[in-house]
Protein chains: 2
Amino acid sequence: MNRRRKSPEETRASLVEATVKLILGQGFAATRVDEICREAGVTKGAFFHHFASKEDIGKAAIDWWGRMGDRVYSPAWSDDGRDPLTRLNQMLEIMHSFTERPDPCVCVVGMMSQEYGQTDTPYRECCQQELDNWTKQVAKLLAEAKKKHRPGTRFDPLTVANFLNSLWQGSMLIAKTQGQPRLIQDNLAIARSYLLTLFPGQADRLRHRKPKTKLNQTS
Amino acid sequence: MNRRRKSPEETRASLVEATVKLILGQGFAATRVDEICREAGVTKGAFFHHFASKEDIGKAAIDWWGRMGDRVYSPAWSDDGRDPLTRLNQMLEIMHSFTERPDPCVCVVGMMSQEYGQTDTPYRECCQQELDNWTKQVAKLLAEAKKKHRPGTRFDPLTVANFLNSLWQGSMLIAKTQGQPRLIQDNLAIARSYLLTLFPGQADRLRHRKPKTKLNQTS
DNA sequence: TGTTACATACCAACTAGTTTGAATGAATCG
DNA sequence: CGATTCATTCAAACTAGTTGGTATGTAACA
């Protein structure tokens, strides 16, 4: 029998990905090491060879999620010379696209923040870092937009970025309990309409491309 | 020694309140029955006399939180003939007041929704009910306001109520990881400004009474 | 005197982490 | 080029501590 069925990197990756999957579904505290091993198709020997503890893989899962986020958002976040509002709009499109995937729209950082946000565990700092990363990227876009287009109202980019982050996390929280991503899409539409009040006259740049869901329907 | 130190109702209540406290700090999955007993100052015998299982007290904690919410929000939610926008504004004031308390601004329903929103546990349905209750109350206020004041934009009361709920839950989630409630206050200010776009000209009704934190400061 | 409301001691199942050893492949040596 | 060494990578069995829950006895009240 071939004992080493794949490269150690693949084994490690499959363990982290299994952890991410389980966190998304039931949180980290409720996730057992044995469960992670079963999901990854390896034994505990492999687990504790690659990770010193359960805590260790928890931190790895947060980091993995953060790096994946960087990749997914990079088309909007990376400064390629396009208008910052166009890029902000693209970010909202990317967020919208999450709701159209087969798997539920949930977030590892949101889960871990909720579970450990008030504890002394290292997860707290890890989550804070990832949330901070997201917020800073969005704040940068908003600051650039503010410089380029004279905003209609005074606003602090970081405050608005925090608002978008809160709305995003809260949307996923409520939507998953309701079992339908529609609420997230509606909230993204409201976020758009709010951003439009900050940048009046930029409706063309901040318009949702695929109008599957109408914003603010019914009178 | 007096074995029965207080009434059984008090014992039961202290167990539920201890559970609520522990959930708020570390979530329910990470909370041990022994911990609840220690916090409540009773033994396991008392616990399992009043509650059939850990799951049982989990549901009781959600319900307890929901009923407390009803009481706290009742000044704004109960129809006393005042203008619906005034009452909506009062609700935002109440939410703001949570951020000024000594204990961190967190929510049992938010915690449990995050932990069990995608599971088959009975918690999911309990949380859904409480979230639904909150949303329906807010939607009612918005619907009444819509009837009384001609809104500036078309909007669905339930959609906007869900937006406020999402923002509220997300704010608590992010703020507790950051360790400061300021973010929540800023988000409430943004919520106000958004509601003002729905009801233009009602700035006097939707203004924050204690202007400790300015909305959208810095240019 | 019977029922309620617990306290105490206990247990079976589970959980994170350990130990031991074997299969593997790469490096080293004859 | 083939044999040998050796660290890496993991499987399987095991362990100490924890956890939800139970069995039993008893003090207080009605």
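This is a predicted model, so every value here is computed, not measured. Values below: every heavy atom of this structure, side chains too, minus hydrogens, waters and symmetry copies. Numbers restart at 1 for each chain; the letters A, B, ... are given by sequence-line order, proteins then strands.
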Inset, instruction - Please say whether the positively charged group of B/K59, taken as NZ for Lys or CZ for Arg, lies over the ring of B/F51, i.e. under 6.0 angstrom from the six-membered ring centre and within 45 degrees of the axis. - result: no

Inset, instruction - Inspect the contact between A/D80 and A/R82 and indicate whether a charged nitrogen and a carboxylate oxygen are less than 4.0 angstrom apart. - result: yes

Legend entry - Cationic N near anionic O, under 4.0 Å, A/D103 to A/R101: no

Listed nucleotide nearest any side-chain atom of [X], set [options]:
X	options	answer
B/F48	D/dG20, D/dC10, C/dA7	D/dG20
A/H50	D/dC10, D/dG20, C/dA5	D/dC10
B/T43	C/dT18, C/dT8, D/dA11	C/dT8
B/R32	C/dC6, D/dC10, D/dG20	D/dG20

Inset, instruction - For A/R67 and A/D63, run salt bridge (Lys or Arg N to Asp or Glu O under 4.0 Å): C-alpha distance rounded to whole Å, both residues' side-chain angles, the deciding distance at 0.1 Å, then the answer. - result: CA-CA 6 Å; A/R67 304 298 69 74; A/D63 183 73; 2.9 Å; yes

For the pair made of [atom1] in [X] and [atom2] in [N], what is the distance, rounded to whole Å?
X	N	atom1	atom2	value
B/D34	C/dA9	CG	P	14 Å
A/R38	D/dC10	CZ	P	19 Å
B/F28	D/dT19	CZ	P	14 Å
A/F47	C/dT19	CZ	P	17 Å
B/F51	D/dT19	CZ	P	20 Å
A/E55	C/dT15	CD	P	19 Å

Inset, instruction - Go through the steps for A/L88 and A/V138 under the test side chain to side chain contact (heavy atoms under 4.5 Å, CB included), then give the verdict. - result: CA-CA 8 Å; A/L88 187 64; A/V138 177; 4.3 Å; yes

Inset, instruction - Spell out yes or no: do the side chain of A/K44 and the base of D/dA12 have one donor N/O and one acceptor N/O closer than 3.5 Å? - result: no

Inset, instruction - May I ask you to verify whether the side chain of A/K54 and the base of C/dG17 hold a donor-acceptor pair under 3.5 Å? - result: no

Legend entry - Phosphate contact (D/dT8 OP1 or OP2) by A/H49 side-chain N/O below 4.0 Å: no

Inset, instruction - Would you indicate, yes or no, if D/dC10 has its OP1 or OP2 atom less than 4.0 angstrom from a side-chain nitrogen or oxygen of A/T11? - result: yes

Inset, instruction - Map A/R12 and B/S53 onto DNA chain D by nearest heavy atom, then report which one ends up closer to the 5' terminus. - result: A/R12

